[in-house]
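Position 1 is the first residue of the sequence; numbering continues from there.
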Amino acid sequence: MGGAVGAVEAVSQTAAQLATALRRAQRDATAEATVLADRPDGTVVRCGHIVAKAHPPGTDPAELAVRLGVAAHPRCAEILLPPVDGMAALPDGRQVTLWPYGEPVAPDAPDAAPWVEAGKLLARLHSVPVAELPGPLPAMRGPAKAARAIARLRAAALPDGVATRAVLRAWAGLPGWARGVDRTDRMVKGSESNKGNESNKDNGGGEDNRLCHGDLHLGQLVRHHATDWRLIDIDDLGLGDPAWDLARPAAWYAAGLLAAEDWERFLGAYRAAGGSAAGERDPWPRLDVPARALTVQTAALALAKAAAAGRALDEAEEAMVEASVRIAHFMEAAG
């Protein structure tokens, strides 16, 4: 994954700046730096055992500091990868954090995908007593990311085709909280009622106010110390409905992209570890809305990205768009 940072023109300015900072920190101007990701929403560079991440432009420094404090807190020590140090900033103002390098999930070994470990980690994350964590905890940003995906699709100004209409129709049928608006019926507003997390002394103030990752997929797991899996990427971490963290695997399963045995392993491990976001029997009353939201989010991004690149949808993208079409048809039939 990624490539070595050599000449500045070969990588973005942000990646080059991160590489320079890492080499300076290690006092080795010739140390090899590797770009792991270089996108507008996040640039990640590795140098030796340290990884530097430049967070998206506009990241709130105060909220990031709280999220960083949560990742470093003893309550999350065996759940989230802990940071190496505090925050810094690039000349353009983008926030930077440092992390130990962890071995990612192998993309070419689907049979070895750590679905059981993912389920266990999520259950433990959702059980963390939020009153003991740094605060005020911001809201989990999953619904906000879904809203940004829809905004990106609309900005792409695609022809008025069946797929685009279906995605927007499926999006419009979601409740406000799943579209990143009108959260008051689902959670306590972080800036108004969660100062110091006092309102959440019962482990989150209810099932809809737990500590959530906000963007769970297998790319968010790394091996720490060779054997222990940890969750990474705290950009969307915060208070919210824990069912959202199960929504992407649920959406993949419903679209036929995740094998039934893998879904059952993930869900079974989550429940066995004390996770309560999927009920005791039928998980879909809790997961239906978040799974539909993640389906539509994924389909919207697929359509926008494919149009921007001038390419056709790949097989996985096509499956999520088709799932969105089915959702829209169901909603129309239900009135």
Side-chain angles (χ1 to χ4, degrees), residues 105 107 110-111 113-116 118-119 122-123 126 140 142-143 145-147 149-150 153 162-175 177-180 207-208 212-221 236 240-271 275-306 313-335:
V105 175
D111 292 341
W115 287 112
V116 169
L122 280 186
H126 296 164
M140 178 266 293
K145 289 191 74 171
I150 294 298
L153 174 62
V162 173
T164 301
R165 289 199 304 271
V167 169
L168 295 177
R169 176 70 182 90
W171 173 254
L174 293 168
W177 72 268
R179 291 183 284 114
E207 194 58 42
D208 297 329
C212 302
H213 182 274
D215 189 28
L216 189 280
H217 53 80
L218 289 182
Q220 308 289 34
L221 276 77
D236 303 311
D241 183 349
W244 197 275
D245 283 343
L246 280 67
R248 183 174 275 109
W252 288 345
Y253 169 64
L257 296 176
L258 181 64
E261 54 268 28
D262 288 333
W263 167 246
E264 293 297 337
R265 289 169 61 225
F266 169 74
L267 190 63
Y270 177 80
R271 286 170 165 164
S276 58
E280 296 181 0
R281 296 179 182 174
D282 182 4
W284 293 105
R286 287 293 309 279
L287 300 186
D288 175 65
V289 168
R292 281 192 282 136
L294 263 295
T295 299
V296 173
Q297 172 186 328
T298 306
L301 286 176
L303 290 170
K305 290 179 178 180
L313 298 173
D314 64 28
E315 184 177 354
E317 291 170 334
E318 190 69 46
M320 299 307 283
V321 170
E322 290 175 355
S324 296
V325 172
R326 290 195 297 271
I327 292 170
H329 287 167
F330 174 80
M331 292 171 56
E332 291 170 0

Least distance between heavy atoms, [X] atom then [Y] atom:
X: Tyr270; Y: Pro242; result: OH-CB, 4.5 Å
X: Trp177; Y: Asp241; result: CH2-OD2, 3.8 Å
X: Ala146; Y: Trp244; result: CB-CZ2, 4.4 Å
X: Pro285; Y: Asp282; result: CD-O, 3.3 Å

**OP:** First locate atom CZ of Arg169, then atom CD1 of Ile327, and finally report the distance between them rounded to the nearest 0.5 Å.
**Re:** 11.5 Å
**OP:** Kindly compute the distance separating CG (Leu246) from NE2 (His213), expressed to the nearest 0.5 Å.
**Re:** 13.0 Å
**OP:** Apply side chain to side chain contact (heavy atoms under 4.5 Å, CB included) to Ala147 and list each qualifying residue two or more places apart in sequence or on a separate chain.
**Re:** Trp171
Partner set under salt bridge (Lys or Arg N to Asp or Glu O under 4.0 Å) for [X], not counting sequence neighbours:
X: Glu317; value: Arg311
X: Arg326; value: none
X: Arg271; value: none

Do [X] and [Y] have side-chain heavy atoms sitting under 4.5 Å apart?
X: Leu218; Y: Pro114; answer: yes
X: Asp236; Y: Gln220; answer: no
X: Leu313; Y: Met320; answer: no

Side-chain donor-acceptor distances from residues 287-306 under 3.5 Å, at least two apart:
residue	atom	partner	partner atom	Å
Asp288	OD2	Arg292	NE	3.1
Asp288	OD2	Arg292	NH2	3.2
Thr295	OG1	Ala291	O	2.8
Thr298	OG1	Leu294	O	2.8

Contacts table for residues 252-268: side-chain donor-acceptor under 3.5 angstrom, sequence neighbours left out:
residue	atom	partner	partner atom	Å
Asp262	OD1	Arg265	NH1	3.0

Original post:
Quick one: does Asp245's side chain have a donor or acceptor within less than 3.5 Å of a partner on Leu216's backbone?
Top reply: no
